[in-house]
Trainee: 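The following block contains the structure, expressed as structure tokens.
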Amino acid sequence: KRSNGFWYVGYTDSGRRRWKSTKATRKRDALLFLMEFKEAIKPKPRRVLFSEFIREYNEIEGPNLRESTLVGIYGRSFKSFMDVCGDQDLSSYTTRDADLFKARRVKHCSPTTVNIEFRSLKRIFNCAIRWDIIKENPFMKSSPLRVPEKRPTCLTEGEFTRLQKETAEPLLKRLFEFAVLTGMRLGEIQNLNWTNIDFEK
């Protein structure tokens with residue numbers, strides 16, 4: 001309070017000390033002014049479009065990811081999200097958008113694919129929180145889709161016999177037989193070394 005009877009607010013702007021009159025002579029009125037003034041000078045949240053954030057994310061986080069992950073999984077997820085929810089300010093997306101995304105996407109692809117995209121999007125919104133761009137992740141209160149359990153697809157004995165008869169190439173025939181008898185996947189067979197075989201057991 002100054003000698004003229006008015007209360008002033010002291011604050012720092014660009015490193016300089018400044019004073020602003022509250023135009024109030026009573027402390028109670030000055031405190032009300034102070035509350036409004038604090039709100040007015042609060043730094044405004046940075047507005048970032050989803051597409052802008054993705055460019056930043058790819059530049060900063062991209063080197064830490066495999067290209068197949070960044071382009072294939074993340075790239076598809078980001079495009080699908082924008083197709084469904086639009087290219088909005090990051091802070092404007094809500095849990096409804098996350099749920100809408102799942103509901104629309106599952107009409108075009110499997111629940112497993114939707115869940116992979118869901119996890120990718122949840123991760124990048126967490127990154128936006130870490131970078132102080134947004135306060136809440138719209139995917140945090142949403143849940144992945146329930147994926148119905150499927151029994152693994154197996155060849156019947158008859159189908160396997162027919163496959164062997166139809167296969168003319170001897171090496172391919174032996175490969176099919178090896179795969180069926182061991183239950184190994186193609187990648188496992190291709191990476192198999194002699195050291196992986198226990199001839200005694």
Side-chain angles (χ1 to χ4, degrees), residues 1-106 109 113-145:
K1 190 173 186 180
R2 292 191 178 169
S3 56
N4 61 6
F6 289 101
W7 288 85
Y8 286 75
V9 173
Y11 66 101
T12 305
D13 179 25
S14 304
R16 292 181 62 188
R17 188 71 172 159
R18 298 183 184 276
W19 295 93
K20 185 168 181 69
S21 171
T22 66
K23 297 179 183 173
T25 54
R26 293 189 307 172
K27 187 174 183 178
R28 190 180 67 184
D29 295 335
L31 287 172
L32 285 172
F33 177 91
L34 177 62
M35 285 170 64
E36 290 174 6
F37 183 74
K38 277 182 177 176
E39 199 60 40
I41 64 167
K42 256 188 195 173
K44 299 292 181 279
R46 182 178 155 212
R47 293 180 61 80
V48 180
L49 287 175
F50 185 79
S51 57
E52 293 170 345
F53 177 71
I54 293 311
R55 281 194 290 276
E56 274 187 54
Y57 183 86
N58 289 344
E59 181 186 347
I60 298 167
E61 295 292 318
N64 302 322
L65 299 166
R66 282 185 302 187
E67 186 154 349
S68 58
T69 303
L70 186 65
V71 176
I73 297 173
Y74 281 26
R76 185 184 64 225
S77 305
F78 303 156
K79 183 184 180 309
S80 299
F81 185 72
M82 279 200 291
D83 287 347
V84 173
C85 300
D87 188 14
Q88 301 178 47
D89 185 292
L90 271 188
S91 62
S92 68
Y93 294 113
T94 63
T95 304
R96 179 188 174 278
D97 292 308
D99 291 340
L100 178 67
F101 171 75
K102 289 184 301 182
R104 295 251 174 101
R105 282 297 286 152
V106 80
C109 53
T113 300
V114 175
N115 286 344
I116 291 169
E117 293 179 356
F118 179 91
R119 285 194 297 272
S120 303
L121 290 160
K122 188 174 182 180
R123 181 176 178 180
I124 63 134
F125 275 100
N126 277 337
C127 180
I129 291 174
R130 194 159 44 87
W131 291 352
D132 292 323
I133 297 173
I134 56 173
K135 297 293 179 196
E136 289 185 7
N137 185 335
F139 284 81
M140 202 53 81
K141 292 178 185 173
S142 187
S143 302
L145 294 174

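All values reported here derive from a predicted model rather than from experimental measurement.
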Trainee: Can you give me the closest heavy-atom contact between Asp87 and Leu49, atom names plus distance?
Mentor: O-CD2, 3.5 Å

Trainee: So, is the end of the Arg2 side chain (NZ or CZ) under 6.0 Å from the ring centre of Trp19 and within 45° of the ring's axis?
Mentor: yes

Trainee: Can you tell me how far CD of Glu56 sits from CH2 of Trp131, rounded to the nearest 0.5 angstrom?
Mentor: 6.0 Å

Trainee: Between Thr69 and Leu65, is there a donor-acceptor pair closer than 3.5 Å when you use the side chain of the first and the backbone of the second?
Mentor: no

Trainee: Which heavy atom in Gly72 sits nearest to a heavy atom in Arg76, and how many Å separate them?
Mentor: O-CB, 3.2 Å

Trainee: Among pairs that include at least one residue of residues 58-67, which meet side chain to side chain donor-acceptor pair (under 3.5 Å), considering only residues two or more places apart or in two chains?
Mentor: none

Trainee: Please check if the number of heavy atoms outside Arg16 that lie under 6.0 Å from its CZ is greater than 12.
Mentor: no

Trainee: State, without any angle test, whether Tyr74 and Arg123 hold a side-chain donor-acceptor pair at a distance under 3.5 Å.
Mentor: yes

Trainee: Is a side-chain N or O of Ser77 found less than 3.5 angstrom from the main chain of Ile73, in a donor-acceptor match?
Mentor: yes

Trainee: Apply ring-ring contact (aromatic ring centres under 6.0 Å, His included) to residues Phe37 and Tyr11 and explain how you reach the verdict.
Mentor: CA-CA 10 Å; Phe37 183 74; Tyr11 66 101; 5.1 Å; yes

Trainee: Give a yes-or-no answer on whether the side chains of Lys102 and Ser142 include a donor-acceptor pair shorter than 3.5 Å.
Mentor: yes

Trainee: Do the side chains of Leu100 and Val84 get nearer than 4.5 Å, heavy atoms only?
Mentor: yes

Trainee: I'd like to know if the side chain of Asn137 reaches the main chain of Ile129, judged simply by a donor and an acceptor atom lying under 3.5 Å from each other, with no hydrogens or angles considered.
Mentor: no

Trainee: Surrounding CD of Glu136 (heavy atoms of other residues, nucleotides or ligands, distance under 6.0 Å), is the total greater than 12?
Mentor: no

Trainee: Could you tell me whether Arg28 atom CZ has more than 12 heavy atoms of other residues or ligands within 6.0 Å of it?
Mentor: no

Trainee: Do the side chains of Val48 and Asp89 get nearer than 4.5 Å, heavy atoms only?
Mentor: no

Trainee: So do Asp83 and Arg104 actually touch side chain to side chain, heavy atoms under 4.5 Å?
Mentor: no

Trainee: What distance separates Glu117 CD from Lys122 NZ, expressed to the nearest 0.5 Å?
Mentor: 15.5 Å

Trainee: What is the distance from atom OG1 of Thr95 to atom NZ of Lys141, rounded to the nearest 0.5 Å?
Mentor: 5.5 Å

Trainee: Measuring from Cys85:SG to Arg96:CZ, what's the distance to the nearest 0.5 Å?
Mentor: 8.5 Å

Trainee: First locate atom CZ of Arg105, then atom CG of Leu145, and finally report the distance between them rounded to the nearest 0.5 Å.
Mentor: 11.0 Å

Trainee: Can you see which heavy atom on Ser143 is nearest to which on Phe118, and at what distance?
Mentor: C-CZ, 3.8 Å

Trainee: Indicate yes or no: at least one non-hydrogen side-chain atom of Phe125 is less than 4.5 angstrom from one of Leu90.
Mentor: yes

Trainee: When the aromatic ring centroids of Phe81 and Tyr93 are compared, is their separation below 6.0 Å?
Mentor: yes

Trainee: Check whether any side-chain heavy atom of Phe50 sits under 4.5 Å from a side-chain heavy atom of Met82, and report yes or no.
Mentor: yes

Trainee: With heavy-atom distances below 4.5 Å as the criterion, would you say the side chains of Pro144 and Arg119 are in contact?
Mentor: no

Trainee: Centre-to-centre under 6.0 Å for Trp7 and Phe33, is that the case here?
Mentor: no

Trainee: Just how far is it from atom OG of Ser92 to atom CG of Asp97, taken to the nearest 0.5 Å?
Mentor: 7.0 Å

